S.K.: 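Dumping the structure here so I can ask a few things about it.
The model shown is predicted, which means the values in this text are computed figures rather than measured ones.
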Amino acid sequence: IGNPLMAGDRASSMDDFIIATKIRLASETSSRPALGVRFGTKLPTASVDKGVGLGTTDFFATFLLAKTVQSVRTVGNVGMILLGNPVTGQDPATTLGFGLSVARALTNEFEVVGELNGRLTPFEKIVPLGLESRGVLRFAGRYTYSMLRLDFGVLAGITDRDPSFGISAGATYVIPR
């Protein structure tokens, strides 16, 4: 993962840490998708010296939709993101965040997932360096065991500011209703 604004061809580091929660507003029915909201913050834990992180704290709130048809689950989100300005430390930028994922169950335990996530900066006349529009495509596999989900995937950046290639891993514990 590298930042083209920094000297050198490559850099590696852990990404920034995100703390967030989702709240279900309405459960999915046969005729309506599930509805929810997600809000949280990104804490600056990635290496600024290596050019991976910006050293800023961001806040976000998004609206969520999800619908399952047979073995295919489609999830979308759209919302506002306040990005800390890495140049001045003041005047955060307001951006539009978006995401869409499609997951297909292959067995009861394993599914494949494709997703697109990003942000657009349509509200700013002058976009501060580091806060440009961004986007990432991800293709992943997900293994579920009881209430635990394990994910592993590869990603590709869409803009010239995004990482050209990366890997992702994650774990989710699903809290029963």
Side-chain angles (χ1 to χ4, degrees), residues 1-4 10-43 45-47 52-53 58 60-81 83 95-121 132-177:
I1 300 173
N3 184 337
R10 296 178 185 251
S12 62
S13 172
M14 295 296 290
D15 204 351
D16 291 323
F17 189 73
I18 297 173
I19 298 174
T21 190
K22 294 179 190 176
I23 299 172
R24 181 180 307 150
L25 301 176
S27 295
E28 180 178 348
T29 67
S30 60
S31 61
R32 184 193 68 229
L35 305 172
V37 292
R38 179 178 185 242
F39 54 91
T41 185
K42 177 191 66 80
L43 303 175
T45 55
S47 174
V52 176
D58 303 334
F60 59 88
T62 57
F63 183 70
L64 311 169
L65 291 168
K67 182 70 176 151
T68 303
V69 177
Q70 295 182 355
S71 64
V72 177
R73 180 156 182 81
T74 304
V75 178
N77 68 74
V78 65
M80 301 302 289
I81 307 172
L83 298 173
T95 66
L96 178 69
F98 63 89
L100 178 68
S101 72
V102 178
R104 168 78 159 82
L106 301 178
T107 68
N108 286 339
E109 295 84 20
F110 187 76
E111 60 187 314
V112 292
V113 182
E115 68 179 33
L116 167 67
N117 285 292
R119 69 174 188 239
L120 301 172
T121 53
E132 301 88 351
S133 296
R134 307 284 298 263
V136 174
L137 286 169
R138 181 182 325 252
F139 180 73
R142 176 179 296 151
Y143 177 76
T144 302
Y145 178 77
S146 186
M147 303 307 284
L148 181 66
R149 292 181 185 157
L150 302 173
D151 299 283
F152 183 79
V154 294
L155 56 96
I158 295 174
T159 74
D160 59 353
R161 299 254 187 251
D162 295 314
S164 56
F165 174 79
I167 59 171
S168 65
T172 302
Y173 180 77
V174 179
I175 299 171
R177 295 189 224 180

S.K.: Only distances under 3.5 Å count here; give the side-chain donor-acceptor pairs of residues 70-77 to other protein atoms, sequence neighbours excluded, each with its distance to 0.1 Å.
M.R.:
{"unit_1": "Ser71", "atom_1": "OG", "unit_2": "Arg104", "atom_2": "NH1", "d": "2.9"}
{"unit_1": "Arg73", "atom_1": "NH1", "unit_2": "Glu28", "atom_2": "OE1", "d": "3.0"}
{"unit_1": "Arg73", "atom_1": "NH1", "unit_2": "Thr68", "atom_2": "OG1", "d": "2.7"}
{"unit_1": "Asn77", "atom_1": "OD1", "unit_2": "Gly99", "atom_2": "N", "d": "3.4"}

S.K.: For the CD1 atom of Ile18 and the CG atom of Leu43, what is their distance to the nearest 0.5 Å?
M.R.: 9.0 Å
S.K.: Would you say the side chain of Val136 lies within less than 4.5 Å of the side chain of Asn117, judging by non-hydrogen atoms?
M.R.: no
S.K.: Side chains of Leu65 and Leu35: closer than 4.5 Å at any heavy-atom pair?
M.R.: yes
S.K.: Roughly how far apart are Arg142 CZ and Leu150 CG, rounded to 0.5 Å?
M.R.: 10.5 Å
S.K.: What is the distance from atom CZ of Phe139 to atom CG of Leu155, rounded to the nearest 0.5 Å?
M.R.: 13.0 Å
S.K.: Does the Thr41 side chain pair with the main chain of Asp58, one donor and one acceptor, at a distance under 3.5 Å?
M.R.: yes
S.K.: Would you say Phe98 and Thr62 make side-chain contact, with heavy atoms under 4.5 Å?
M.R.: no
S.K.: Can you find a heavy atom in the side chain of Leu83 that is under 4.5 Å from one in the side chain of Arg119?
M.R.: yes
S.K.: Between the main-chain N or O of Thr159 and the side-chain N or O of Arg134, is there a donor-acceptor pair closer than 3.5 Å?
M.R.: no
S.K.: OG1 of Thr172 to CZ of Arg149: how many Å apart, nearest 0.5 Å?
M.R.: 6.5 Å
S.K.: Can you tell if the side chain of Ile158 reaches within under 4.5 Å of the side chain of Leu116, non-hydrogen atoms only?
M.R.: yes
S.K.: What is the distance from atom CD of Glu132 to atom CG of Asp160, rounded to the nearest 0.5 Å?
M.R.: 8.5 Å
S.K.: Examine distances only and state if a side-chain atom of Lys67 and a backbone atom of Thr29 form a donor-acceptor pair shorter than 3.5 Å.
M.R.: yes
S.K.: Between CD of Glu115 and CG of Leu137, what distance do you get to the nearest 0.5 Å?
M.R.: 9.0 Å
